[in-house]
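Input: a single structure, listed below in structure tokens.
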Protein chains: 2
Amino acid sequence: MQVQADETEKDVGAQVAARLATAIHEHRLAPGMKLSEDEVGEIFGVSRTVVRAALQRLAHLRLVDLKRNRGAFVAQPTVKEAREVFEARALLEPRTARSAAERITPTDTRILQRHIDDEHAALHAGDTGRALNLSGQFHIEIARIADQATIADFIAQLVSRSSLIIALYWQRRAALCESQAHHALIKAISAGDGARAEELMQSHLLDLLTSLDLRAHSSAPQSLREALGP
Amino acid sequence: MQVQADETEKDVGAQVAARLATAIHEHRLAPGMKLSEDEVGEIFGVSRTVVRAALQRLAHLRLVDLKRNRGAFVAQPTVKEAREVFEARALLEPRTARSAAERITPTDTRILQRHIDDEHAALHAGDTGRALNLSGQFHIEIARIADQATIADFIAQLVSRSSLIIALYWQRRAALCESQAHHALIKAISAGDGARAEELMQSHLLDLLTSLDLRAHSSAPQSLREALGP
DNA sequence: TGATCCAATTTTGTATACAATCTTGTTGCT
DNA sequence: AGCAACAAGATTGTATACAAAATTGGATCA
């Protein structure tokens, strides 16, 4: 198999990492799936060297779990990790949404609106994976508008992990509330209403968290001992 | 995660990364310094493969800057990045200190106290680099006590970058206020006074930020064109 | 003298080969 | 049959070799 590489991008390692990340975000790679170096390398037409670099990158983002002498696996966030991720998001995103509202420009508003539209279109087309991905990028875009690159990086990472958490712990029902909440957020941010934006983001994240089933291991247990023990 | 290497640890790549990180934290490697793969590899007695992995790791922590086909350099945070780092810390650390106060155990108190003591000893011995490093680990330890591994990782990264920021933008004076502030924090956290801990952390971070000279490029400009241009 | 082009050197990017480790299937013993 | 030790296979960890790119120094020419 050959890569259909973008001519503009020279860093193949980043490309491989990005394509793996997108596949994970869109739930085409399930949590726990093994990512063999040889296999991935053959799929993308690159050597193990660059695959390893890409996997290491994704490991830093906590999208894959690197086990020494065992290989790389799509991460399976535990319930505790899931709570931690949303705890971190609760600290970062509301205040960042407020900052974004205080700095937004008409151009930014258009960009945000297009994100929402794309998300809505994907959802309507039945491509929930892509819709979820776009939904996450909406959050990242807000941090970018707030002109906080460092916080934006953190949020990007948390959104990535949230995608895995949703894959593991999502309980069916309530799929549309997402774009509803995002629409309200856009309105507040575009209007420059920082206080309301902060408030909306806070409750939006709380909604997201409570829509998960974090009572127990929903799908796959982390260790066999834990799963089959007494 | 960034302690000096244990002999028990088998991951030599992590060891190299940790030793480089420590050297940066203690200001033995100055911002902007080039980290040649061959040179580093020879110093640590490993091949370029593991050096590259270590450098990639540090690049993800923003401790080194990886320029394609140019090599790795100790990062030189800009003034904007410096502000962003402290903005992120302001969002994360105060609330985390509050959580820590609500969960602290006597054992944790002892650990924190020993950190302070070590810091004080290093400062007294004139080893300001090590004192600074310990001072940072104090902040990370608080997040660990709060039982928030994800936030602790973020704070660890921000503390790392803060070390570089201090190397670049620190203006002499006020070296002791640090351990003063840390002592007050320990007292509040150990007493379980979350509100006060949050308050103290907030003002501590503000003190840190205002003790920097962020008006301009304190030491090294990012690009020659910018430095020598019209 | 000074500028431009070209070659030599150095350094990074990638692939491959070999070593170490883990998994797994088999064999032999009790 | 059940268990343990062992060996074969597969997969990752590391080193090295080669390719690509950038820097550097010198040579040529105006």
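The sequence lines fix the lettering, A, B, ..., with proteins before strands; numbering per chain opens at 1. Heavy atoms only: backbone and side chains are in, while hydrogens, waters and symmetry mates are out.
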Can you classify the ring geometry of H182(B) versus H204(B) as parallel (below 30°), tilted (30 to 60°) or perpendicular (above 60°)? perpendicular
Between R57(A) (CZ) and dG13(C) (C1'), how many Å, whole number? 13 Å
Roughly how many Å is it from CD in Q15(B) to C1' in dT14(D), rounded to a whole number? 14 Å
Sugar-phosphate, base or nothing in reach of R52(B), heavy atoms under 4.0 Å: base
Rounded to the nearest angstrom, tell me the gap between atom CD in E42(B) and atom P in dT10(C). 14 Å
Closest of dT12(D), dT23(C), dT14(D) to the S36(A) side chain is dT12(D)
Between protein and nucleic acid, restricted to nucleotides 17-20 of chain D and to nitrogen or oxygen atoms under 3.5 Å apart, what atom pairs and distances do you find?
none

Does a side-chain N-to-carboxylate-O contact under 4.0 Å join E26(A) and R130(A)? no
Can you tell me which nucleotide in dG13(C), dA15(C), dA15(D) comes closest to the side chain of V50(B)? dA15(D)
L55(A) CG to dT12(D) C1', in whole Å, measures 11 Å
Check the distance between dA10(D)'s P and E37(A)'s CD and give it to me in whole angstrom. 16 Å
Kindly state each residue pair satisfying salt bridge (charged side-chain N to carboxylate O under 4.0 Å, His left out) with at least one member in residues 150-164 of chain A, sequence neighbours excluded. D153(A)-R62(B)
Do the side chain of K34(B) and the main chain of R70(B) share a donor and acceptor less than 3.5 angstrom apart? yes
Would you indicate, yes or no, if dT14(D) has its OP1 or OP2 atom less than 4.0 angstrom from a side-chain nitrogen or oxygen of T49(B)? no
Should D108(A) and R103(A) count as an ion pair when the cut-off is N to O under 4.0 Å? no
From CZ of R68(A) over to P of dT23(C), roughly how many Å is that when rounded to an integer? 13 Å
Taken to the nearest whole Å, CG/D11(B) to P/dG13(D) is 8 Å
side-chain contact (heavy atoms from CB on, under 4.5 Å) partners of A53(B), counting only residues at least two apart: Q56(A)
Between the side chains of E87(A) and R83(A), is the shortest nitrogen-to-carboxylate-oxygen separation below 4.0 Å, so that they form an ion pair? no
Nucleotide dT14(C), atom P - distance to CZ of F44(A) in whole Å: 15 Å
Among dA15(C), dT14(D), dT12(C), which nucleotide sits nearest the side chain of D38(B)? dT12(C)
Is the phosphate of dT12(D), meaning OP1 or OP2, less than 4.0 Å from a side-chain N or O of K34(A)? yes
